[in-house]
Number of protein chains: 2
Amino acid sequence: MHPMINGATLSATDICLVCGSLAKGLHFQVNSCRACAAFYRRSVKSKLVYRCQRGTGRCDLSIRIKGKPMCRYCRMKKCADIGMRIDADMGHESTSSPPESETVADEVPEEYVLKGGVVQVEGKRIIYDVKPLIHLIKEAVIKNNVQPIKGLSGVTLSPLQRMVHEVSKFIAQRTPKACDVQVVSEMRAESCIHFQEQYLLKLAHLVTSCEYFVRLEDDQKFPLFRHFWGSFQQIERAYQTLTAFGYETNDFRMIIGDKQAIDMDNTKFILGEADSDEIKKLFTPLRHRVFGCLMNPLRSLKPSIFEIAYMAINFLWTCFELNNIKLSTTVIAEEVLERSANELHNYYVYEMKLPNYAARHAVLMRLISVIESIIRSKKDVMILMRLFNILEDDFFDSELVD
Amino acid sequence: MHPMINGATLSATDICLVCGSLAKGLHFQVNSCRACAAFYRRSVKSKLVYRCQRGTGRCDLSIRIKGKPMCRYCRMKKCADIGMRIDADMGHESTSSPPESETVADEVPEEYVLKGGVVQVEGKRIIYDVKPLIHLIKEAVIKNNVQPIKGLSGVTLSPLQRMVHEVSKFIAQRTPKACDVQVVSEMRAESCIHFQEQYLLKLAHLVTSCEYFVRLEDDQKFPLFRHFWGSFQQIERAYQTLTAFGYETNDFRMIIGDKQAIDMDNTKFILGEADSDEIKKLFTPLRHRVFGCLMNPLRSLKPSIFEIAYMAINFLWTCFELNNIKLSTTVIAEEVLERSANELHNYYVYEMKLPNYAARHAVLMRLISVIESIIRSKKDVMILMRLFNILEDDFFDSELVD
DNA sequence: GTCGGTCAGAGTTCAGT
DNA sequence: ACTGAACTCTGACCGAC
Ligand SMILES: [Zn+2]
Ligand SMILES: [Zn+2]
Ligand SMILES: [Zn+2]
Ligand SMILES: [Zn+2]
């Protein structure tokens with residue numbers, strides 16, 4: 001089981017399988033640097049147990065910040081994973097699983113069936129009738145999909161706890177395995193739209209699993225959802241992309257479905273006569289904002305699922321600037337936001353052991369603001385496109401966008 | 001030259017090259033005691049800048065009066081001089097010359113004199129040449145108006161401390177006494193524009209009183225200021241209005257100058273032929289957002305000057321989405337924002353005794369986002385006005401807006 | 001060549017002022 | 001809010017085998 005990198009020149013014996021730095025021979029039967037070996041030895045000897053500060057259990061150990069040591073939990077886990085054994089006769093296999101909340105996979109409909117939803121590429125325009133989808137969403141959004149948590153019947157989750165649970169499920173369900181993801185060279189409009197349909201319907205399922213959302217008056221639900229989905233998708237896609245391709249990469253790849261990724265530099269969009277390059281050009285400034293103001297900050301923030309869920313709560317409930325929102329709704333929204341912020345406080349202080357979380361919280365709130373601004377711009381670009389008759393994408397030019 | 005302490009000969013490796021006390025090996029590649037090493041580490045990590053109390057920069061660090069700490073400037077300078085380097089690649093520090101304790105008490109000019117700035121109302125349009133103003137601002141913005149704080153020489157204020165100081169001054173200077181304020185029934189374009197000219201120039205003075213802003217490259221200053229002024233004015237006016245009219249009221253009054261207020265429902269704008277009502281109508285949705293999403297939340301928040309200053313810091317330094325901003329600027333911006341958030345933490349925890357401040361902080365950040373969105377809309381409405389030829393206000397249609 | 005022991009020198013914490 | 005003593009943690013080095 002000797003991994004080979006590039007076969008010849010860079011011998012596998014040269015890099016530390018834990019941290020990626022220069023290794024010097026075998027340590028505890030594994031290629032590793034002396035530092036990692038020493039770390040492993042100390043940890044085992046003193047029976048030290050670590051906890052991942054980020055709570056994800058998948059820190060990237062190859063990123064080293066000057067003064068800071070690498071995440072101990074993840075380093076130890078890596079040591080164990082690659083087969084370091086301090087004592088050959090120790091029979092114990094597969095010692096520790098990360099102290100994460102295991103993602104329970106309750107039943108969520110696997111694929112929604114859409115009656116309409118035929119995509120036609122006609123001339124420069126994509127003709128797609130969104131009405132059936134909108135109808136479906138409007139119906140889906142007023143359902144009640146609240147499910148009790150196993151082993152916790154009788155207990156009502158707080159809005160944020162519930163969101164953490166649902167977002168974990170949502171993300172786990174569609175987390176691509178890094179090796180599975182293929183960077184495609186062509187992307188057809190049909191695939192995009194089909195992906196999007198399913199995405200929106202599953203998002204509707206997500207929000208209707210949240211008690212506070214379900215309790216709203218029915219006519220308030222669709223406007224909230226309309227405001228919610230774009231922002232949520234932006235952060236969720238970004239999170240998945242960084243998870244799949246690692247936090248250290250710095251390119252323009254973006255995961256689209258659960259198995260496909262596009263590379264903004266190389267993927268060609270197949271959209272009938274509409275010029276793929278022309279479209280790309282219109283989106284260039286936006287793309288740079290996405291990478292400069294969203295992906296890069298995310299890369300250094302490395303948000304946990306908890307924080308993603310907190311952002312989701314904010315996207316869903318920051319409805320004060322929307323039209324046709326009733327006072328009763330804003331009162332509930334204020335309550336949800338305040339409770340969630342208080343829980344975030346507890347999360348930071350007690351779980352992340354980060355009593356001075358103001359800076360991190362500020363970055364989070366700033367990201368929320370950036371994402372909402374990106375969504376606005378996305379809409380603007382779409383309008384521009386229609387104006388120039390390059391492309392008509394009814395998705396962004398329908399009741400689905402506020 | 002062997003230093004003698006208590007008559008015993010000490011090897012050169014035993015004394016701290018900074019303070020002369022007993023050293024304990026190398027620290028940051030220099031013989032020093034742990035205390036000096038810790039001091040150096042803290043200072044570098046927090047990027048603290050000191051000032052010599054005596055102004056000589058030649059304090060004798062070996063003379064210790066118990067209880068009194070040694071001169072921080074000279075201690076830091078010694079650390080640097082003897083070659084302490086926390087990180088090999090940490091190069092330029094430049095602050096090696098003692099900042100002469102100048103007591104530049106150049107007062108804030110009471111009123112700026114503008115050569116141009118003639119307002120003509122010509123038909124429906126307001127003809128106003130902004131160029132002289134822009135020129136003046138561009139000059140003002142690259143000046144250095146940093147003033148030492150009385151009685152606190154030797155310490156450099158943090159960006160937020162400085163901002164608190166400057167914002168307090170700014171607000172106090174133009175706080176209207178509640179009884180003095182008159183709700184005017186007419187508002188002439190000339191008065192508005194004159195008020196605005198003075199306001200912008202004083203704001204330029206404010207930002208150039210902040211060390212971190214002054215340290216920027218000159219070509220970065222105007223773009224930052226351009227992004228800053230609108231948002232700052234929005235929050236400052238709102239704050240003044242609430243202070244003057246009280247937090248209980250719930251009307252549409254808004255303080256304009258330092259003695260005048262307009263009542264959106266009753267004040268008539270005198271703008272030549274341009275229909276006052278027509279203009280008001282265009283602004284109606286915006287006005288409702290200002291009152292619903294800004295004034296009302298502010299009313300319940302009752303922000304302190306410290307929090308207003310924190311918002312100001314955010315407006316000034318959240319420049320990541322701007323064009324033509326250099327990487328070096330964003331690096332500084334990130335540092336300022338992070339430091340300020342950390343200080344806000346301390347303020348909440350130690351001064352306001354509010355350890356669980358997440359909710360309040362979230363409201364603050366959300367207000368920041370609302371204000372930036374209001375400013376964008378303001379610009380949009382102005383563009384709309386020009387489109388319909390109702391009013392041409394070069395203020396919002398010039399280099400002054402990004 | 002791999003192991004454990006050792007320790008200088010980093011970072012971190014916290015009581016004292 | 002700073003200071004500095006006491007603490008933990010890291011990784012380079014060295015001798016043992
Ligand atoms: Zn390693
Ligand atoms: Zn980790
Ligand atoms: Zn010393
Ligand atoms: Zn001195």
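Within every chain, numbering begins at 1; the chains are lettered A, B, ... in the order of the sequence lines, protein sequences first and strands thereafter. Just so we're clear, the structure is a prediction, and the values are computed from it rather than from any experiment.
Following rounding to the nearest Å, A:K45 (NZ) and C:dG4 (C1') show an atom-to-atom distance of 6 Å. Following rounding to the nearest Å, B:R339 (CZ) and D:dA1 (P) show an atom-to-atom distance of 12 Å. In this structure, A:Y40 atom OH and C:dG5 atom P are separated by 16 Å, rounded to whole Å.
Remark: side-chain polar atoms of A:S46 are not paired, donor with acceptor, to backbone N or O of A:S43 under 3.5 angstrom. With A:Q29 contributing its side chain and A:R85 its backbone, the two residues share a donor-acceptor pair below 3.5 Å.
Note on B:E211 versus B:R215: no salt bridge recorded, every NZ/NE/NH1/NH2 to OD/OE distance being 4.0 Å or above.
Side-chain nitrogen and oxygen atoms of A:H27 include at least one within less than 4.0 Å of the OP1 or OP2 phosphate oxygen of C:dC3.
Between the side chains of B:N342 and B:R339, not a single donor N or O lies within less than 3.5 Å of an accepting N or O.
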statement: Protein-proximity profile, nucleotides 3-11 of chain D, B/S/- by nucleotide at the 4.0 Å heavy-atom cutoff, equals BB----SBB
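In this pair, A:Y50 and A:F39 present their aromatic rings parallel. The plane angle is below 30°, not in the 30 to 60° band.
A:A37 pairs by the side-chain contact (heavy atoms from CB on, under 4.5 Å) definition with A:H27, A:F28, A:S32, not counting sequence neighbours.
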